[in-house]
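Take a look at the structure below.
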Amino acid sequence: MDSATSDRAALSDTADNGLKIVVVGGFGVGKTTMVRSVSEIRPLNTEETMTRAGEAVDHLDGVQAKTSTTVAFDFGRITLDARSVLYLFGAPGQERFWFLWDRLFSGTLGAVVLVDTRRLADSWYAIDRLEHHGTPFIVACNDFGGPLHSEQQIREALDLADDVPLVECDARDRSSSKYVLITLVEHLAALSAARLSAAEAAVSEAALAAAAPTPEPAP
Ligand SMILES: Nc1nc2c(ncn2[C@@H]2O[C@H](COP(=O)(O)OP(=O)(O)O)[C@@H](O)[C@H]2O)c(=O)[nH]1
Ligand SMILES: [Mg+2]
């Protein structure tokens, strides 16, 4: 299906493996845009017009051009193959909705943290919560034409471990958003393979130890 929003693709009868992915990050970093651009169904989103009432509670620095905001979450879907389907949840970014995040993370396989390089600190909270929950994630820098930082500078500013993938994207572009999700799925697959081989190594070590001849007691 090519159009992100014009059609409603029916879920295949064979789809029995639902994988939940969340898109998180600061206010106005492009979460709703990414779920919209990549979803194969018309995405559910809960956008409301921003009014002056929010001025006093939401931090609007750097996002003055924004006219609507997510007040619950975004939801979209992407079929991976006959059995596997990605369900995408975009979290609301403003601080007063952070209480929703912990619930949103339950059952989540992995997350995309979107960042705007002009406001890197706005995505700190997302990374902190994901680390707290032990949810694997990747970081995607959304292209707002912001200052160019080296990968090392971004990693340092976000205090990212070396094994967390860091990519660039344009959330408005479907293939770019797809690439971000593919990077996440590959990262999850690599983590799961590493866990499996660590478990296999532990099992064979235990088997070797059990099979080793018991030393003769000293005379
Ligand atoms: N220049 C640029 N603008 C973007 C990009 N992604 C989103 N936007 C715009 O940034 C604004 C905020 O995006 P939105 O998806 O609502 O952010 P959210 O609060 O994280 O859900 C909207 O006006 C989008 O059209 C991008 O990659 N580049
Ligand atoms: Mg939003």
Side-chain angles (χ1 to χ4, degrees), residues 3-5 20-55 57-78 86-105 108 110-130 135 137-149 151 154 158 165-184:
S3 161
T5 53
K20 179 176 167 186
I21 299 290
V22 295
V23 182
V24 289
F27 189 37
V29 294
K31 302 178 295 294
T32 298
T33 307
M34 175 168 276
V35 174
R36 274 188 186 165
S37 77
V38 85
S39 178
E40 68 192 4
I41 51 169
R42 189 177 306 154
L44 163 78
N45 47 52
T46 54
E47 290 297 285
E48 288 295 338
T49 303
M50 287 165 64
T51 65
R52 303 204 74 162
E55 263 179 359
V57 275
D58 297 331
H59 300 292
L60 301 178
D61 296 345
V63 291
Q64 284 87 350
K66 207 164 145 60
T67 55
S68 67
T69 186
T70 309
V71 292
F73 56 82
D74 310 302
F75 174 73
R77 189 186 82 203
I78 305 166
L86 282 189
Y87 292 108
L88 281 182
F89 290 80
Q94 57 278 57
E95 206 168 324
R96 62 195 156 105
F97 290 122
W98 284 355
F99 72 95
L100 285 173
W101 287 26
D102 287 345
R103 283 288 173 89
L104 210 54
F105 288 163
T108 294
V112 173
V113 178
L114 266 184
V115 300
D116 175 347
T117 53
R118 299 167 304 176
R119 303 180 286 122
L120 283 170
D122 288 8
S123 292
W124 283 346
Y125 179 77
I127 292 175
D128 178 68
R129 293 326 293 160
L130 290 166
T135 306
F137 63 93
I138 66 162
V139 174
C141 295
N142 198 9
D143 178 14
F144 283 92
L148 280 179
H149 299 298
E151 175 172 340
I154 296 175
L158 297 176
L166 175 65
V167 294
E168 288 176 4
C169 73
D170 182 332
R172 299 163 298 180
D173 180 74
R174 187 169 194 219
S175 58
S176 178
S177 296
K178 249 174 140 172
Y179 165 72
V180 171
L181 295 177
I182 290 168
T183 306
L184 174 62

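All values below were derived from every heavy atom in this structure, side-chain atoms included, with hydrogens, water molecules and symmetry-related copies excluded. Start at 1 and go down the list; that is how both ligands and their atoms are numbered. Computed from a prediction, not measured in an experiment: that's the story for all the values here.
For Asp170 and Ser176, the side-chain atoms include no donor-acceptor pair closer than 3.5 Å. Thr108 and Thr135 share no donor-acceptor pair across their side chains, judged by distance under 3.5 Å alone.
The proximity of Thr32 to ligand 1, defined as any non-hydrogen pair under 4.0 Å, involves the side chain as well as the backbone.
Residue Asn142 has at least one N or O atom closer than 3.5 Å to an N or O atom of ligand 1. Taking any N or O of Val29, backbone or side chain, at least one lies under 3.5 Å from an N or O belonging to ligand 1. The shortest N/O to N/O separation between Gly30 and ligand 1 falls below 3.5 Å. Checked by distance only, ligand 1 and Gly28 come closer than 3.5 Å through their nitrogen or oxygen atoms.
Other residues, nucleotides and ligands contribute only 12 or fewer heavy atoms inside 6.0 Å of the OH atom of Tyr179.
From Leu181, atom CG reaches atom CE of Met34 across 6.5 Å, with rounding to the nearest 0.5 Å.
Of all atoms in ligand 1, numbered sequentially from 1 with element shown, those under 4.0 Å from a heavy atom of Asp170 are 26 (C), 27 (O). If you number the atoms of ligand 1 from 1 as listed, the ones under 4.0 Å from a heavy atom of Ala171 come out as 6 (N), 27 (O). Close approach of ligand 1 to Asp143 (heavy-atom distance below 4.0 Å) involves ligand atoms 1 (N), 2 (C), 26 (C), 27 (O), 28 (N).
A side chain to side chain contact (heavy atoms under 4.5 Å, CB included) with Val38 is found for one member of Ile78, Val23, Thr33 and no other, namely Ile78.
Among residues two or more places apart in sequence or in another chain, the side-chain contact (heavy atoms from CB on, under 4.5 Å) test is passed with Phe89 by Lys20, Val22, Phe73, Phe75, Tyr87, Leu104. Contacts of Asp173 classified as side-chain hydrogen bond (donor to acceptor under 3.5 Å, both in side chains), with partners at least two apart in sequence or in another chain: Ser175.
Nearest to atom 24 (C) of ligand 1 by heavy-atom distance, out of Val35, Thr33, Asp122, Val23, is Thr33.
Not a single N/O/S atom of Thr33, whether from backbone or side chain, sits less than 2.8 Å from the Mg ion (ligand 2).
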